[in-house]
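Remarks on the structure that follows.
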Amino acid sequence: MAQKLAFRPFRAIQYRILRRSQIRRTFLFAVQAGSSLVRSLLASLTLLAVAVAVAVPVAAAQKAQMSVDVSKAGAKIDRNIFGQFAEHLGHGVYEGIWVGPDSKIPNTRGIRNDVVAALKAIKMPNVRWPGGCFADEYHWRKGIGPQRTVTLNPNWGGVIEPNTFGTNEFMDFLDQIGAEAYLSVNVGSGTPQEAAEWLEYLTTAQPTTLAKERAANGHPAPYKVAFLGIGNESWDCGGNMTPDYYLSQLKIYSRFVRNFNPAQQDKQQMLKIAVGPGGSESRWTEWTDAIMKAYQNHTWSWDMNGLSMHSYTVVKWPPSFASVGFGETEYAQILKSTLEMNDLVEKHSAIMDKYDPGKKVALVVDEWGGWYAPLPGSNPGFLAQQNSLRDAVLAALNLNVFARHADRVRMANIAQMINVLQAMILTDKEKMVLTPTYYVYKMYVPFQDATFVPATFDAGTFTHDGITLPRIDAIAAKDKAGKLWLAITNVDPNQSAEIEVTLAGMNAKSAAGETLSASKVDSVNTFDAPNTVVPKPFSAKAQDGKLTLKLEPKSVTAIALEQ
Ligand code: AHR
């Protein structure tokens with residue numbers, strides 16, 4: 001991002017501190033009618049209740065209409081938009097995933113069992129690894145075999161990088177959680193040969209020296225590598241390259257870094273993702289233009305299937321918003337900022353359309369999420385932050401943007417999976433807690449590979465402290481079994497919403513699913529109180545042919561409609 005450039009004060013010491021009631025009293029009042037004492041007590045209580053009801057204003061639900069035409073099918077919402085990102089950064093990999101085989105924390109070959117179980121439950125499609133900025137200083141050979149080379153992690157706190165979590169461990173982790181590999185190769189400080197040999201080590205079925213080394217390291221069969229990222233932010237931490245210089249590298253890496261897996265030659269070919277923009281300013285539009293123009297004129301000898309885009313919700317660099325302990329103004333500011341994702345996607349999609357009207361190249365939003373101030377007392381280079389109800393709303397709004405642009409946005413990776421930035425999971429030694437963002441990913445599982453169905457609705461607005469936001473956001477999709485799903489976010493922190501759903505092509509009699517909300521915009525799950533923000537069952541029945549959904553303030557709801 002452009003702003004990031006102005007915030008690079010610690011390069012000299014190779015240390016990067018970066019950017020980042022309805023008074024409902026359920027009196028179970030078992031009374032014997034007939035007692036005058038009880039009658040007068042009841043009368044007094046009734047008067048008191050009426051008085052209190054008058055004294056305490058109860059926000060009226062905001063009403064909105066929504067119509068969904070089930071017969072109108074849009075693009076497939078690629079499951080890969082629910083991808084994750086795991087960088088060697090802070091406790092993202094070490095402690096978050098890897099504890100080592102000798103750890104007392106229950107693990108399988110060094111990988112935490114609790115984390116694996118949690119990630120399997122959200123059906124993660126892919127994981128991007130090993131970075132981020134880390135990728136352009138990563139040398140894969142230091143992370144294979146019985147003897148690992150101990151190095152440094154100059155990007156992220158200057159700490160020791162033990163390289164105990166390397167290629168085989170990452171692929172084992174993916175196998176355990178059932179996700180596909182999105183490898184970022186080192187373009188900044190590596191060579192095409194180093195990257196080509198990494199892919200040979202991983203993918204060849206032929207008995208080459210590298211394949212034998214892979215077998216000696218415990219994996220005779222070739223691995224599948226579904227996605228290859230060619231560089232990371234090459235305009236910045238990846239080498240400060242100009243578009244032309246990067247293009248020259250892209251062509252070389254695209255040509256020589258081959259996937260040899262026999263199962264990936266005709267079908268399931270590895271998709272190559274080029275570095276793309278990091279914002280909306282002209283340097284980014286020029287970057288997208290240059291790469292896509294080259295793509296339009298590409299020859300047989302190089303290709304690309306995706307253009308990466310990075311966009312964090314930060315408001316301004318360095319990240320100064322607190323991740324917990326904030327109020328409704330900060331809630332509104334962050335959500336206003338996150339909604340800029342829509343314009344950013346449209347801006348770069350329009351440039352891509354110019355050179356690729358057939359939409360062969362995917363826009364891959366492979367770094368996004370809320371980036372806040374480091375938690376007090378944490379290493380600022382570890383990008384540790386809490387994850388609140390605000391993040392759940394933020395996640396839903398962005399996933400909805402991606403789904404609405406499913407024809408172009410076919411992959412996205414939230415940053416980052418565990419213990420870093422907008423994480424799914426937080427760990428502290430043997431403890432683990434699932435974040436509000438995790439639960440949104442869980443609730444959105446039915447949208448993976450579902451077919452987008454247009455929903456029209458009156459979003460309405462609410463204004464807080466001079467900041468105006470849409471009150472409602474929603475997407476609809478049909479899953480593979482033909483079931484219609486709705487995901488609706490009530491952004492308003494104080495007022496509930498009543499949505500009257502009209503369906504064309506379907507007579508819905510009921511709706512059932514889950515809703516996620518909490519008492520405060522900054523409610524969080526902690527190791528001591530892990531269930532503050534967890535989904536609750538949600539259901540509604542049609543009355544007089546009308547299906548009305550009553551949504552809590554600041555909530556995300558995902559429901560299936562039943563005929
Ligand atoms: O996600 C943290 C960092 O943000 C990544 O390493 C880099 O690509 C981006 O600048």
Side-chain angles (χ1 to χ4, degrees), residues 1-11 14-20 83-94 96 127-138 152-159 161 182-189 227 229-241 246 273-279 283-284 287 306-314 316-319 323 344 364-375 378-385 387 391 394-395 398 411-424 437:
M1 292 183 188
Q3 298 94 320
K4 286 180 191 168
L5 295 175
F7 181 61
R8 288 294 152 86
F10 301 114
R11 277 274 181 230
Q14 299 224 313
Y15 188 95
R16 241 170 66 125
I17 299 172
L18 265 186
R19 0 190 200 172
R20 1 239 124 287
Q84 301 283 332
F85 173 35
E87 179 166 14
H88 285 236
L89 192 175
H91 296 305
V93 169
Y94 298 108
V127 184
R128 179 172 180 252
W129 176 84
C133 300
F134 180 84
D136 279 302
E137 292 186 83
Y138 183 63
L152 292 171
N153 190 335
N155 279 293
W156 304 115
V159 295
E161 166 54 59
Y182 176 8
L183 286 186
S184 243
V185 294
N186 182 343
V187 173
S189 69
F227 308 100
I230 302 179
N232 171 74
E233 298 191 357
S234 301
W235 30 261
D236 187 18
C237 72
N240 275 295
M241 301 173 190
Y246 173 71
I273 296 158
V275 169
R283 67 176 287 219
W284 307 122
W287 183 282
L307 182 75
S308 150
M309 183 173 91
H310 291 182
S311 176
Y312 286 97
T313 301
V314 70
K316 65 182 166 75
W317 298 98
S323 56
L344 195 60
V364 177
V365 190
D366 52 9
E367 284 189 34
W368 68 275
W371 190 327
Y372 310 123
L375 284 178
S378 68
N379 181 332
F382 283 12
L383 311 187
Q385 61 188 46
N387 192 295
D391 293 298
L394 185 156
N398 280 280
M411 185 152 157
N413 301 73
I414 189 168
Q416 298 191 4
M417 193 167 64
I418 305 169
N419 292 332
V420 177
L421 299 177
Q422 189 173 345
M424 303 290 118
T437 301

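Atoms within a ligand are numbered from 1 in the order they appear, just like the ligands themselves.
- Set against the non-hydrogen atoms of Glu233, the atoms of ligand 1 under 4.0 Å away are 7 (C), 8 (O), 9 (C), 10 (O).
- For the atom pair CG of Asn387 and CD of Gln422, the computed distance is 5.5 Å after rounding to the nearest 0.5 Å.
- Ligand 1 places these atoms under 4.0 Å from at least one heavy atom of Glu87: 1 (O), 2 (C), 5 (C), 6 (O).
- For Phe134, the closest heavy-atom approach to ligand 1 does not fall below 4.0 Å.
- Within the 4.0 Å heavy-atom criterion, the part of Asn232 lying near ligand 1 is the side chain and not the backbone.
- Here CG of Asp366 is found 6.5 Å from CD1 of Ile273. Values are rounded to the nearest 0.5 Å.
- Listed by number with element, the atoms of ligand 1 under 4.0 angstrom from any heavy atom of Tyr312 are 1 (O), 2 (C), 4 (O).
- Near Glu367, meaning under 4.0 Å from one of its heavy atoms, ligand 1 places the atoms 1 (O), 3 (C), 4 (O), 5 (C), 7 (C), 8 (O), 9 (C).
- Remark: the Glu367 side chain and the Asn413 side chain contain no N/O donor-acceptor pair separated by less than 3.5 Å.
- Close contacts of ligand 1 with Phe85, meaning ligand atoms under 4.0 Å from a residue heavy atom, involve 1 (O).
- The shortest N or O to N or O distance between Ala415 and ligand 1 is not below 3.5 Å.
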| Given Tyr138 and Trp129, is the ring-ring contact (aromatic ring centres under 6.0 Å, His included) satisfied, shown in steps? | CA-CA 10 Å; Tyr138 183 63; Trp129 176 84; 5.6 Å; yes
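- The proximity of Trp368 to ligand 1, defined as any non-hydrogen pair under 4.0 Å, does not occur for either the backbone or the side chain.
- When heavy-atom distances to ligand 1 are checked against a 4.0 Å cut-off, Leu421 comes that close only through its side chain, counted from C-beta outward.
- With no hydrogens or angles considered, no side-chain donor-acceptor pair links Ser189 and Asp136 at under 3.5 Å.
- Listed here is the closest heavy atom pair of Cys237 and Asn232: SG-ND2, 3.6 Å.
- Classification of the Phe134-His88 ring pair by plane angle, with boundaries at 30° and 60°, yields parallel.
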